[in-house]
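The figures that follow rest on heavy atoms only: side chains count, while hydrogens, waters and symmetry mates do not. Just so we're on the same page: letters track the sequence lines, and every chain starts at 1.
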2 protein chains.
Amino acid sequence: MAGKLTKLVDIRRKELRQAAFEVLQREGMAGATLEKVATHAGASKGIVLHYFRNKQELFEQAMREANANLRDAVAERLRQAKTPRERLAAIIEGNFDERFYQPSIAHAWLSLCGEVPREPQLARIQAVIHARMHSNLLSALKPMLSDEEARQTAHLISALIDGLWLRLGLHSGGILRDEALALMRDFIDRRLPAETGG
Amino acid sequence: MAGKLTKLVDIRRKELRQAAFEVLQREGMAGATLEKVATHAGASKGIVLHYFRNKQELFEQAMREANANLRDAVAERLRQAKTPRERLAAIIEGNFDERFYQPSIAHAWLSLCGEVPREPQLARIQAVIHARMHSNLLSALKPMLSDEEARQTAHLISALIDGLWLRLGLHSGGILRDEALALMRDFIDRRLPAETGG
DNA sequence: TCAAGAATTGTCCCATTGGTCAATTTACAA
DNA sequence: TTGTAAATTGACCAATGGGACAATTCTTGA
């Protein structure tokens, strides 16, 4: 860490975002009251509204943070990837990182998604997430496929990832990480040109 | 129609399920109050609780009905399908039936999904939906692929369908029917053995 | 040591909502 | 026509939750 110590404001905000997201996992958006978030964070309700303008803003930021985790999981792997194929694998494996690809997190994510149509802020975040995913995929696929094929494949992959996350949230005890990854690899292997030995 | 006229109870119940689902499209689960449902159906709140034990039961049945529509859309097409390939097309096209594959319906569906982790009744309905989908897909794929390949392909297809529906709900102005179907066809063509001319 | 600002708490208020119930209206069979 | 059961309404209740705010405690720099 270079420079200043972390300001208390930032600490509290982070704690509360985290608490909000964890309550969301258990209770869903409707059940995630400010009171519960405060209690879960070990504080009083007043504190929550001291650090966040209102409930909306709190959960908006909780969503931002949760997404940032996934984004970093991808970025981390992407940094070590050399070939397009490796970049593709990085994107996919990042999206199924074992730290995050878990039912409870999928529950929270699902609750957030349910609000997207009526909360422009959440919609914007979603749009950013999808745009980044698409752009990442395209940059990995372009060297391997024609433009049109790359575009289609990118759409298929991201829909597939979303679909598998959705099922993780819905069908408790359904498809878990290993099987999801196996499905993704299976899909990709059939879509990419044969690998040239090295 | 053979036999009795439709009982008033059944008419009202249907009207209210329908109204509930339509309010759900606009307002989401939290915003879909009994009052709004009643008003939308042109009745008073009391009526709703006269025909349904409580809010839970109302929306549970609304979900059942909405799903039945999609199920019928598939069944209808399935009835006219002769070959396995046609059966597969029937399943897919049914799931993107233009009457139902629409953003507002996807919104409602998404709201319901957000509640699934905390409402066993909804979870059961989801489980049935998925089971039927999987079974339909398997019966179409088994004649064309090995058991293991059929299983994987079925999982991929259903995840893909879910993912595309999810995006329809989230990303307003995103992938619409035609493109979704094109993606699905593209996916399938690459996975099935070449079609024997006829 | 002390003043000033930040952090934190607990209380209060108002709107909303699911659900109950008695009263009223409507439909229908005898 | 009339009496009974069903349909429908509207008033009411208790609980809840988001948010405002004044009061209190804690930090910190001079």
Original post:
How close or far is atom P of dT8(D) from atom CD1 of Ile11(B), stated in whole angstroms?
Top reply: 10 Å

Original post:
Can you find a side chain N or O atom of Arg12(B) that sits less than 4.0 Å from OP1 or OP2 on dT8(D)?
Top reply: yes

Original post:
Crowded around Arg190(A) CZ? As in, over 12 foreign heavy atoms under 6.0 Å?
Top reply: yes

Original post:
Taking only side-chain nitrogens and oxygens of His50(A), does any of them come within less than 4.0 Å of OP1 or OP2 of dT8(C)?
Top reply: no

**OP:** Would you kindly give the CZ-to-C1' distance between Phe52(B) and dT8(D), to the nearest whole Å?
**Re:** 16 Å

Original post:
Counting only heavy atoms not in Glu98(B), do more than 12 sit closer than 6.0 Å to its CD atom?
Top reply: no

**OP:** Would you mind reading off the distance between Tyr51(A) atom OH and dT8(C) atom C1', rounded to a whole angstrom?
**Re:** 8 Å

**OP:** Salt-bridge test for Glu22(B) and Arg26(B): reply yes if a basic N is under 4.0 Å from a carboxylate O, no otherwise.
**Re:** no

**OP:** For Ile47(B) and for Lys55(A), find the nucleotide of DNA chain D with the closest heavy atom, then tell me which residue's nucleotide is more 5'.
**Re:** Ile47(B)

Subject >> For atom CD of Glu15(B) and atom P of dA7(D), their distance in whole Å >> reply: 13 Å

Subject >> Lys/Arg N to Asp/Glu carboxylate O, Glu86(B) vs Lys82(B), below 4.0 Å >> reply: no

**OP:** Report yes or no: do Glu119(B) and Gln56(B) form a side-chain donor-acceptor pair below 3.5 Å?
**Re:** yes

**OP:** Flag yes if more than 12 heavy atoms outside Arg124(B) fall under 6.0 Å of its CZ atom; otherwise flag no.
**Re:** no

Original post:
Heavy atom of residues 27-39 of chain A under 4.0 Å from DNA chain D: which residues?
Top reply: Thr33(A), Leu34(A)

Original post:
dC21(D) P sits how many Å from Lys45(A) NZ, rounded?
Top reply: 14 Å

Original post:
Of the candidate nucleotides dT8(C), dG19(C), dG18(D), which contains the atom at the shortest distance from the side chain of Leu49(B)?
Top reply: dG19(C)

**OP:** Would you kindly give the CD-to-P distance between Gln56(A) and dG17(D), to the nearest whole Å?
**Re:** 18 Å

